[in-house]
**Student:** 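Please see the structure below; I have some questions.
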Amino acid sequence: MKITPVILCILIFISCNEEKKTNHTSKKKIEKIVYAEPKQAKTDTVVKIKSTIKKTIFPIEGTYMIENGDPSCEINLILSYKKDQLVYKLITNTRTLADKAEIELNERKDGYYLTLKNIEWSENEGTLDDEGDPTDPDITLPTEIQGILEKNQITIQNAGNSMNYYVKIGECNAKYIRLIKK
């Protein structure tokens, strides 16, 4: 086959275009790598919020005591910071527990959700069917107790209902535990 100037020109044109496509593709890959933003690691909410708490909303550290005078439901909760970590000490009439606590700003930004770590619930049957039997017989006991922390008080829903049965702190038979800062 004889290569004429026209065929040579066409071959050169195709070759150049393929090279441009390759280079263009490579540039796109390079651009993606160059302009990619590194993923940022999640930070601990407690550390972020701690400085905000002390400066803007209200002091959290202190002793919170049960509101009612029921001797069968004696609960004291002490919140404090140790090495920039919120910690708690929960004292009932039968046990004393201490560990880390976490807070998260609520939606209204006027209080917090409080989570006390490593406290196993007293009872938890979870969701119940129409006969009152658990729908999941293998449910485990949760190990965190959550409450609402507002200025000078903490409210914990201690017990569920006939559709979702649980008791978080068995030493107290109240549905809601209200702790007031002293």
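As the structure is a prediction and not an experimental result, all values here were calculated from the model.
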**Student:** At their closest point, which heavy atom of Arg95 faces which heavy atom of Glu120, and how far apart are they?
**Tutor:** NH1-O, 4.3 Å
**Student:** Got a second to check how far Leu97's CG is from Ile119's CD1, nearest 0.5 Å?
**Tutor:** 5.5 Å
**Student:** Roughly how far, to the nearest 0.5 Å, is the CD atom of Glu102 from the OG1 atom of Thr115?
**Tutor:** 6.0 Å
**Student:** Specify the closest pair of heavy atoms between Ile103 and Leu114, including all atoms of both residues, with the distance to one decimal.
**Tutor:** CG2-CD1, 3.7 Å
**Student:** Are any non-hydrogen side-chain atoms of Ile75 and Cys172 less than 4.5 angstrom apart?
**Tutor:**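 The answer is yes; the side chains approach within 4.5 Å.
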**Student:** Ion pair present between Glu123 and Lys168, side-chain N to carboxylate O less than 4.0 angstrom?
**Tutor:** no
**Student:** Which distance, rounded to the nearest 0.5 Å, do you find between the CD of Glu144 and the NZ of Lys100?
**Tutor:** 12.0 Å
**Student:** Looking at every non-hydrogen atom in both residues, tell me the closest pair between Gly170 and Ser122 and how far apart they are.
**Tutor:** N-OG, 2.7 Å
**Student:** Which pair of heavy atoms, one from Phe58 and one from Asp110, lies closest together, and at what distance?
**Tutor:**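 Scanning both residues, the minimum pair turns out to be CE2-O, 3.7 Å.
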**Student:** Would you give the length of the straight line joining atom CD of Glu150 to atom CZ of Arg178, rounded to the nearest 0.5 angstrom?
**Tutor:** 8.5 Å
**Student:** Report yes or no: does Lys175 contribute a side-chain atom to a donor-acceptor pair with the main-chain N or O of Gly160 at less than 3.5 Å?
**Tutor:** yes
**Student:** Do the side chains of Trp121 and Leu116 join up, straight or via other hydrophobic residues, at under 4.5 Å, putting them in one cluster?
**Tutor:**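 Yes.
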**Student:** Without swapping roles, check the side chain of Lys89 against the backbone of Ser80 for a donor-acceptor pair under 3.5 Å.
**Tutor:**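 Judged by distance alone, no pair lies under 3.5 Å.
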**Student:** Is there a side-chain hydrogen bond (donor to acceptor under 3.5 Å, both in side chains) between Tyr113 and Glu107 once you walk through the steps?
**Tutor:** CA-CA 10 Å; Tyr113 298 115; Glu107 293 84 12; 2.4 Å; yes
**Student:** Tell me whether Ile148 shares a hydrophobic cluster with Ile154, the cluster being built from Ile, Leu, Val, Met, Phe, Trp, Tyr side chains joined at under 4.5 Å.
**Tutor:**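 Result: no, two separate clusters.
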**Student:** Counting only heavy atoms not in Lys151 (residues, nucleotides, ligands), do more than 12 fall under 6.0 Å from its NZ?
**Tutor:** no
**Student:** Is there a path of hydrophobic side-chain contacts, each under 4.5 Å between heavy atoms, that joins Leu79 and Met65?
**Tutor:** no
**Student:** For Leu77 and Tyr88, which heavy atoms make the closest approach, and how far apart are they?
**Tutor:**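 Heavy atoms only, the tightest pair is CD1-CB, 3.8 Å.
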**Student:** Could you tell me whether the side chain of Ile180 reaches within less than 4.5 Å of the side chain of Gln153, counting heavy atoms only?
**Tutor:**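 Result yes, sub-4.5 Å side-chain heavy-atom pair found.
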**Student:** Check the pair Thr127, Asp136 against side-chain contact (heavy atoms from CB on, under 4.5 Å), reporting the backbone distance first and the verdict last.
**Tutor:** CA-CA 7 Å; Thr127 306; Asp136 182 4; over 6 Å; no
**Student:** Among Ile78, Leu179, Asp99, Ile169, find the one that has a side-chain contact (heavy atoms from CB on, under 4.5 Å) with Leu90.
**Tutor:** Ile169
**Student:** Say you draw a straight line from OH of Tyr64 to OG1 of Thr155; how long is it, rounded to the nearest 0.5 Å?
**Tutor:**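 Nearest 0.5 Å value for the OH-OG1 distance: 11.0 Å.
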**Student:** Working to the nearest 0.5 angstrom, can you tell me the gap between Ile156 CD1 and Tyr176 OH?
**Tutor:** 12.5 Å
**Student:** Is Ile66 reachable from Ile145 through a run of hydrophobic residues whose side-chain heavy atoms are each under 4.5 Å from the next?
**Tutor:** yes
**Student:** What is the minimum heavy-atom distance between Ile60 and Tyr81, and which atoms define it?
**Tutor:** CD1-OH, 4.4 Å
